[in-house]
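Naming: A, B, ... by sequence-line order, numbering from 1 per chain.
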Amino acid sequence: MSAKTNSGRFFEDFRLGETIRHATPRTVTTGDVALYNGLFAPRFAVQSSDEFARRIGYARAPLDDLLVFHVVFGKTVPDISLNAVANLGYADFRFLKPVYPGATLNAVSEVIGLKENSNRKTGIVYVRSRGFDETGEPVLDYVRWVMVRKRDETAAAPAEQIPELPKAVPASALGLACPRIDRGAYDAALSGSPHRFGDYAAGEKIDHVDGMAVEEAEHQIATRLYQNTARVHFNLFAQTKDRFGKRLVYGGHAISLARALSFNGLGNAFHIAAINGGRHVAPLFAGLTVFAWSEVLETAALPGRDDVGALRLRTIATKDRPCADFPLKNGDDYDPAVILDLDYWVLLPRS
Amino acid sequence: MSAKTNSGRFFEDFRLGETIRHATPRTVTTGDVALYNGLFAPRFAVQSSDEFARRIGYARAPLDDLLVFHVVFGKTVPDISLNAVANLGYADFRFLKPVYPGATLNAVSEVIGLKENSNRKTGIVYVRSRGFDETGEPVLDYVRWVMVRKRDETAAAPAEQIPELPKAVPASALGLACPRIDRGAYDAALSGSPHRFGDYAAGEKIDHVDGMAVEEAEHQIATRLYQNTARVHFNLFAQTKDRFGKRLVYGGHAISLARALSFNGLGNAFHIAAINGGRHVAPLFAGLTVFAWSEVLETAALPGRDDVGALRLRTIATKDRPCADFPLKNGDDYDPAVILDLDYWVLLPRS
Amino acid sequence: MSAKTNSGRFFEDFRLGETIRHATPRTVTTGDVALYNGLFAPRFAVQSSDEFARRIGYARAPLDDLLVFHVVFGKTVPDISLNAVANLGYADFRFLKPVYPGATLNAVSEVIGLKENSNRKTGIVYVRSRGFDETGEPVLDYVRWVMVRKRDETAAAPAEQIPELPKAVPASALGLACPRIDRGAYDAALSGSPHRFGDYAAGEKIDHVDGMAVEEAEHQIATRLYQNTARVHFNLFAQTKDRFGKRLVYGGHAISLARALSFNGLGNAFHIAAINGGRHVAPLFAGLTVFAWSEVLETAALPGRDDVGALRLRTIATKDRPCADFPLKNGDDYDPAVILDLDYWVLLPRS
């Protein structure tokens, strides 16, 4: 391999405290929005209509929160997870500023934890990644940890350091990416749902009913759109020789599908404010149909804000398994159809 | 099913005269145009080039008429046709205003007819749907009727009312969405065809020659782009258990394919002014190749306009069947290859 | 076939010296850029970020050079190569002006050579094609030659004329489409590579490592985006009866894939300045994974410019064949995995 190609960092290449500025900066446009719409069909009115967004207080329709996430995440892949065995988790994940078409996003990560595994073949790398817009202001801040291969099993392990991470983002930290909205201007006929913040209660479960099949071309187009070139999603030739025998769908694709499906039941949950944690329980492949259901874990007022309230949701996505009976666990194990278990905060208008 | 999810209206839920404002408003951008181009490859110069459009009298390249239609139609699906068995027909379908990138579209439908079927399991719902832009002006107005399931066969039938509908849109109602054009500035080399309005005659048949295969990812991306989430197009898991055993391609996809193919022979038919009627004769599935041919049914001057003239066309689309011999009927039945029979008006520059 | 449909020119329809203005003019937008990104995932910072581009001297992020090429090329297909048997080569191919979103492109070709083949069934047509923007200035100029069927084998052959073509574009002709760049503002962390012009040497070989699978929907969407409607890419029904039994991927798709893959090893080769020659060695089909490697053939300073330097590259693309051992020839023949052999100039910032 040429010294000029990127073979990715191995576990022993990471240094605690080091800061990595990622390539490639990316101007996100209405073109990206259109393609995201074509791939997921989100129907939340705020992101769909400049008019609707302006009437309630945005400058125009903001980018879908997950599009911002995918673009930022994609930049971290070549430096952080090219040699990852598994993407283990997310924590303290907060959207900090609305992002509009025309913004240029870039990303920086800091290594905040390292832990070699006992087999000495792999280690866990914790990074705090931040996305910035062209003004230099942060738009997204999150921690993720991944299991990364060692290049050389005999390489010395770094001192073990595991960061303390919050189990959930506190309600007081929510809402920075949501301007104060005009509740009276929020039109329920246009948004497609009469149910506002106060209409949901902790413990409530919602089957999102619809199913969406995934095609190879779709997840490839989506993942390339984010400039995420992790080989498991694209290199069919290599994947046919691997344990699954096929391409793996980018985990974020399942998150976007579940979010879009959740419109049916959560039509006014117009903004993801934070992600508390998430687990890709099982891989997703093309040819399967994704379903989802959600449970309201908690409801929370936002300090100093009477315009919006927050629901803490647990959304479960499945493959080839409708969710009318809310599949989750069989004993201690996940139901084999479950692919995603996501814990996050959404904002809804108050009545 | 949660009380918050939309399971769609059943036949007995519709009330004659009721007005339904549809979610979700949608700002249509050059991003949507690009994706539409990638899916259908329309080659009409007016919609393709801002320069060409400006020279003849548009503010810039307008959106493809069918993109406007699909976006408006998509909004009506969750309220009108989620429980539809079949989309039966269109009438009195008129484009009323040019729509440019940046416009925000929304839709309203009025129930103008109801008729229970004799089996008492289904009924026919007639709606007049209108698309509006952000100024509140109508851009599209059409009637469609669909066969909708009853939730409860024993539910009382509403009084039967069948609206009177015109067999065709009169020539005097055409052209509102087409500004006065400068015939002299219309460049035949750039448009790709020397044939203007006066070069076509009633009875003329044109084989559009080319064939276009449809992929699952393509029709899914297109249909999601319009936020049309009718389950038959996406829920592979459910469809494999259904009578066709696979996903159905959105009927509008066939219309867009036929329109794009019709460029070969109708290169200056730059605007669909109205649709008189249309029938999705048979379902289309991925893996098939679509062909099309057209017959000129009628030619018409537009009152008070010497810049453009109208051709009334009947365009027939087929699957896996080239159209050199103009396939249509075998006796009383349609040729089994026919999937679409569309009667509509297009405008061409006069010479 | 109707007299109004285009069946394409046959060999005997071309006249030496004739000029053909092509349909359809096309305004290229950020929507097209997004779709191109979703199809190929180019990661060169200049085309990805308005901010990055502005800082080094562009007005904003320019269009990917190959997107400009494909759009111009697409216009020539209905007039030049609808009845082509094979696309034989390119020469003297130069980008002349940066193209930004919003530009409207059109194309003109001049017939510069004709040669009937000895079998009298086909002939070779040489055209110089030029792409222009809406100001009338040329953005691209190239020669290609194609083998075209005769309509009638007995038709008289034109006088044979074979144009003299340069083996390579001289360094003095490079760089017109690249503004003077500010080397100091070129940020290697954001571009993803520390290697500048001076870090490459003639003879150096680079395996681009990554592999990208091609799906039917992807190449169809790409090729339609360029309004290139050559039937071999789309007419599945006809292709199943043809010698390959399936659709052929547009040759330009392989060029774009190879270019995007080449980022890994050539991250600062931000602009294709010229193409010296290229050969589509073997057809590409959906379901295959494309790999690529490059050799630096030559390095060249640009007269009067100390901001950028040029590398002459030979990039080889393969199907289902990783390139760690730089596959090229087996004796006189190409390795059966090779699909593309491209000789071109790229520009990199000097240090």
Side-chain angles (χ1 to χ4, degrees), chain B residues 29-45 48-53 60-61 101 187-195 199-200 204-218 221 260-261 263-267 287-289 291 293 319-322 324, chain C residues 1-8 20-36 38-39 74-75 78-79 82 101-108 133-135 215-231 233-240 247 286:
Chain B
T29 69
T30 53
D32 298 297
V33 171
L35 197 40
Y36 191 84
N37 288 343
L39 291 162
F40 301 106
R43 289 182 284 158
F44 298 97
S48 179
S49 164
D50 283 341
E51 284 297 300
F52 191 97
R60 62 185 289 193
D187 183 324
L190 292 180
S191 76
S193 167
H195 307 295
D199 298 321
Y200 292 86
E204 184 172 356
K205 291 181 177 179
I206 302 166
D207 171 19
H208 301 306
V209 181
D210 307 309
M212 179 63 69
V214 179
E215 295 295 320
E216 299 281 11
E218 293 171 357
I221 290 173
L261 291 171
F263 177 84
N264 197 347
L266 290 161
L288 299 170
T289 302
F291 298 85
W293 66 274
K319 51 188 179 190
D320 276 4
R321 169 77 158 83
Chain C
M1 195 173 295
S2 160
K4 293 193 174 82
T5 54
N6 176 28
S7 54
I20 304 168
R21 293 176 64 225
H22 305 293
T24 300
R26 173 89 152 79
T27 302
V28 186
T29 69
T30 54
D32 299 296
V33 171
L35 197 39
Y36 191 84
L39 291 163
K75 298 185 189 329
D79 295 316
L82 215 55
T104 297
L105 300 179
N106 56 68
V108 174
D133 67 15
E134 72 285 357
T135 70
E215 296 294 320
E216 300 281 12
E218 293 171 357
H219 76 84
Q220 289 202 152
I221 290 173
T223 311
R224 282 186 300 239
L225 187 70
Y226 322 135
Q227 297 173 312
N228 174 343
T229 59
R231 61 181 69 107
H233 312 312
F234 301 108
N235 191 333
L236 173 59
F237 178 79
Q239 290 301 112
T240 54
R247 282 161 284 179

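- Nearest heavy-atom pair across C:Thr229 and B:Ala41 is CG2-CB, 4.3 Å.
- In terms of heavy atoms, B:Ser48 sits closest to C:Gln227 at OG-NE2, 3.3 Å.
- Neither the backbone nor the side chain of B:Lys319 has a heavy atom closer than 4.5 Å to any heavy atom of chain C.
- Remark: B:Asp187 engages C:Arg21 in a salt bridge, criterion side-chain N to carboxylate O under 4.0 Å.
- Looking at B:Ala45, both its backbone and its side chain come within 4.5 Å of chain C, counting heavy atoms on both sides.
- Proximity to chain B (any heavy atom under 4.5 Å) is restricted, for C:Pro78, to the side chain, taken from C-beta onward.
- Closest approach of B:Asp199 and C:Lys4 over heavy atoms only: O-NZ, 2.8 Å.
- Shortest non-hydrogen contact noted between C:Thr104 and B:Ser49 is CG2-OG, 3.3 Å.
- Considering only heavy atoms from C-beta on, B:Glu51 stays 4.5 Å or farther from C:Pro25 through its side chain.
- Residues B:Glu218 and C:Gln220 bring a donor and an acceptor atom of their side chains to less than 3.5 Å of each other.
- By the ring-ring contact (aromatic ring centres under 6.0 Å, His included) test, C:Phe234 pairs with no residue at all, sequence neighbours left out.
- When C:Thr240, C:Leu35, C:Ile20 are compared by the number of non-hydrogen pairs under 4.5 Å with chain B, C:Leu35 comes out ahead.
- Neither the backbone nor the side chain of B:Ala324 has a heavy atom closer than 4.5 Å to any heavy atom of chain C.
- Proximity to chain C (any heavy atom under 4.5 Å) is shown, for B:Ser193, by neither the backbone nor the side chain.
- Across all non-hydrogen atoms, the minimal contact from B:Ala34 to C:Gly31 is CB-C, 3.2 Å.
- Residues B:Phe291 and C:Asn235 form a side-chain contact, since some pair of their non-hydrogen atoms from C-beta on lies under 4.5 Å apart.
- Considering only heavy-atom pairs separated by less than 4.5 Å from chain B, the leading option among C:Lys75, C:Arg224, C:Glu216, C:Arg231 is C:Arg224.
- Side-chain contact between B:Leu190 and C:Thr24: absent, with no pair of heavy atoms (C-beta onward) separated by less than 4.5 Å.
- The two residues B:Asn264 and C:Asn6 come nearest to each other via the heavy atoms OD1-N, 2.6 Å.
- Of the two parts of B:Pro194, neither the backbone nor the side chain holds a non-hydrogen atom closer than 4.5 Å to a non-hydrogen atom of chain C.
- The ring-ring contact (aromatic ring centres under 6.0 Å, His included) test applied to B:Phe44 returns B:Phe263, not counting sequence neighbours.
- Of the atoms belonging to B:Tyr36, not a single heavy atom falls under 4.5 Å from chain C.
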